[in-house]
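Notes follow once the structure below has been shown.
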Amino acid sequence: MNEKSKLTRRDFLKVSALGAAGAVLMPSALAAAPKSAKKKSSANDTIGIGFIGLGQQAMHLLAGFLTIDGVRVLAGCDVYDVKRARFEKRVKKYYAEHGQKCKVDLYEDYQDLLARDDIDAVVIATPDHQHALIAIAACRAGKDIYLEKPLTLTIYEGQQLRKAVREHCRILQVGSQQRSDAEFIHAANLVREGELGRIELIKVHVGGSPTPYTLPRQEVPAGLNWDKWLGPLPETIYYNSDLNPVITLEPEQNEQLWGAWRWYKGMGGGLMTDWGAHMFDIAQWAMGKDRNGPVKIIPA
């Protein structure tokens, strides 16, 4: 490996994740990182990373992280055994094809993964209701974080996560791959350069809010720890395969839909947070308001 191609820990999130669109993300979060998190370490360091949540989006992210020089995928965690097995298969296949020895460990409990000293950073791609809980735990364990959008499910969770990031001097990036898409870059530049005149109002339509959970109860499949999937959620939310789509390895069949938890109260914020996390972000970005939040919220 060329010495110049190796990453410092500080560089990690600068080139970290390849999202579903396949473009390198530009992390504005780095600019806001606390000074104590900006210490440089040896350029010879290899960044050991672990994945928490091994569903459809994590597989897109994995394909990107595996290709980054100076990064080593060491472990994966999921509450569903078949998803752990798929993760292991893909990691081992990649390293074998590139002539590299590989040992990848698998966990059902994310705390076991966070306890490892050789893991420097984690990729969190769980359902939204687990984002804050796991990200705060990762901060306390001294890990830097790539967290899938939305940052958290509630405003209060976001406040607590921000506090944890600052208290433990961590670097945290939130996945928002639309910032790397050519059409969004072009539109944002038009706004910034005044090509559209003075912008006084931007309306973003992203769809509705979450609805009460109504999916029929189904039997929990073998190998899925439903209690751990629920985490902080009440037991009244019962299993349906739409929440954690079934996959198989022999023959290989991956998810046929995105997890439906995002549409229901308690688990997700509906299209308002799912797609809105992208669209509101583009509006903020185009207007140069990355360091600002809403001054007024009008519920529909």
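Shortest non-hydrogen contact noted between Ala58 and Gly53 is CB-O, 3.1 Å. Annotation for Ala132 and Thr152: closest pair CB-CG2, 3.9 Å, computed over non-hydrogen atoms. In terms of heavy-atom proximity, Leu151 sits nearest to Gly158 at CD2-CA, 4.5 Å. Closest of all the heavy-atom pairs between Gly175 and Tyr146 is CA-OH, 3.1 Å. Annotation for Val122 and Ala138: closest pair CG2-CB, 3.9 Å, computed over non-hydrogen atoms. Pairing each heavy atom of Ala135 with each of Leu147, the nearest pair is CB-CD2, 4.3 Å.
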Q. Which is it for Glu148 and Leu61 under the side chain to side chain contact (heavy atoms under 4.5 Å, CB included) test, yes or no, and what are the steps along the way?
A. CA-CA 10 Å; Glu148 264 302 317; Leu61 297 172; 3.5 Å; yes

**Q.** Derivation of the side chain to side chain contact (heavy atoms under 4.5 Å, CB included) call for Lys265 and Thr211
**A.** CA-CA 6 Å; Lys265 289 181 177 179; Thr211 61; 5.9 Å; no

Q: Check the pair Ile47 / Ile68 against side chain to side chain contact (heavy atoms under 4.5 Å, CB included), numbers first and verdict last.
A: CA-CA 10 Å; Ile47 308 298; Ile68 302 173; over 6 Å; no

Q: Show the numbers, then the answer: is there a side chain to side chain contact (heavy atoms under 4.5 Å, CB included) between Trp226 and Leu224?
A: CA-CA 6 Å; Trp226 186 243; Leu224 172 60; 4.0 Å; yes

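Legend: residues meeting ring pair (Phe, Tyr, Trp, His ring centres under 6.0 Å) with Tyr213, ordered by chain and number and at least two apart, are Tyr238, Tyr264. Applying the ring pair (Phe, Tyr, Trp, His ring centres under 6.0 Å) test to Phe87 and every residue at least two apart in sequence or in another chain returns Phe51.
Side chain of Asn240 to main chain of Asp242: a donor-acceptor pair is present (N/O by atom type, distance under 3.5 Å, no hydrogens or angles). A donor-acceptor pair is defined here as one N or O able to donate and one able to accept, closer than 3.5 Å; no such pair exists between the side chain of Lys92 and the backbone of Val104. Side-chain atoms of Tyr95 come within 3.5 Å of backbone atoms of Val73 as a donor-acceptor pair (strictly under, hydrogens ignored). Here the side chain of Tyr94 pairs a donor or acceptor atom with the backbone of Leu66 at under 3.5 angstrom.
Side-chain atoms of Gln130 and Ile52, non-hydrogen and from C-beta on, never get closer than 4.5 Å to each other. Side chains of Leu161 and Leu172 form a contact here, defined as non-hydrogen atoms less than 4.5 Å apart. With contacts defined as side-chain heavy-atom distances shorter than 4.5 Å, the pair Ser241/Leu215 does not qualify. Between Ile145 and Gln173, every side-chain heavy-atom pair lies at or beyond the 4.5 Å cut-off. Looking only at side-chain heavy atoms (C-beta outward), Val82 and Thr248 stay at 4.5 Å or farther from each other.
Following chains of ILVMFWY side-chain contacts shorter than 4.5 Å, one can reach Ile124 starting from Val165, so the two form part of one hydrophobic cluster. Tyr239 and Trp261 end up in the same hydrophobic cluster when Ile, Leu, Val, Met, Phe, Trp and Tyr side chains are linked at under 4.5 Å. Residues Leu74 and Tyr110 are members of one and the same hydrophobic cluster, defined by side-chain heavy-atom contacts under 4.5 angstrom among Ile, Leu, Val, Met, Phe, Trp and Tyr. A single hydrophobic cluster is not seen to contain both Val91 and Leu249; linkage of ILVMFWY side chains at heavy-atom distances under 4.5 Å, directly or through other members, places them apart. Criterion: ILVMFWY side-chain heavy atoms under 4.5 Å apart, direct or through other members. Under it, Ile134 and Val174 are part of a common hydrophobic cluster.
Between Trp258 and His60, the ring planes lie tilted relative to each other; the angle falls in the 30° to 60° range.
Applying the side-chain hydrogen bond (donor to acceptor under 3.5 Å, both in side chains) rule to pairs touching residues 77-86 yields Lys83-Asn244, Arg86-Asn254, Arg86-Glu255, sequence neighbours excluded. For residues 120-142, the ring-ring contact (aromatic ring centres under 6.0 Å, His included) pairs, not counting sequence neighbours, are His129-Trp229. Each ring-ring contact (aromatic ring centres under 6.0 Å, His included) pair with one or both residues in residues 155-200, not counting sequence neighbours, would appear here, but there are none.
Counted within 6.0 Å of CD on Glu235, heavy atoms from surrounding residues, nucleotides or ligands total 12 or fewer; the atom is thus considered open. The number of heavy atoms from other shown groups lying within 6.0 Å of CD (Glu252) is above 12. More than 12 heavy-atom neighbours from other residues, nucleotides or ligands sit within 6.0 angstrom of CZ on Arg192.
Expressed to the nearest 0.5 Å, how far SG of Cys77 lies from CG of Leu114 amounts to 8.0 Å. Rounding to the nearest 0.5 Å gives a distance of 4.0 Å between NZ of Lys163 and CD of Gln160. Between the CG atom in Asp144 and the SG atom in Cys139 there is a gap of 8.5 Å [rounded to 0.5 Å]. The CG atom of Leu230 lies 11.5 Å from the NZ atom of Lys228; values are rounded to the nearest 0.5 Å. Here the straight-line distance linking atom CD1 of Ile237 with atom CG of Leu243 works out to 8.0 Å at 0.5 Å rounding. Atom CD in Glu88 sits 8.0 Å away from atom SG in Cys102 (nearest 0.5 Å).
Each of Asp118, Asp112, Asp120 was evaluated against Arg116; a single residue qualifies, Asp118, per the salt bridge (charged side-chain N to carboxylate O under 4.0 Å, His left out) test.
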Hey, can you pull the donor-acceptor pairs under 3.5 Å for the side chains in residues 267-285, sequence neighbours left out?
from	atom 1	to	atom 2	distance (Å)
Thr273	OG1	Gly269	N	3.2
Asp274	OD1	Lys149	NZ	3.1
Asp274	OD1	Arg262	NH1	2.9
Asp281	OD1	Arg179	NE	3.4
Asp281	OD1	Arg179	NH2	2.7
Asp281	OD2	Ser176	OG	3.0
Asp281	OD2	Arg179	NE	2.9
Gln284	NE2	Lys289	O	3.0
Gln284	NE2	Asn292	O	2.9

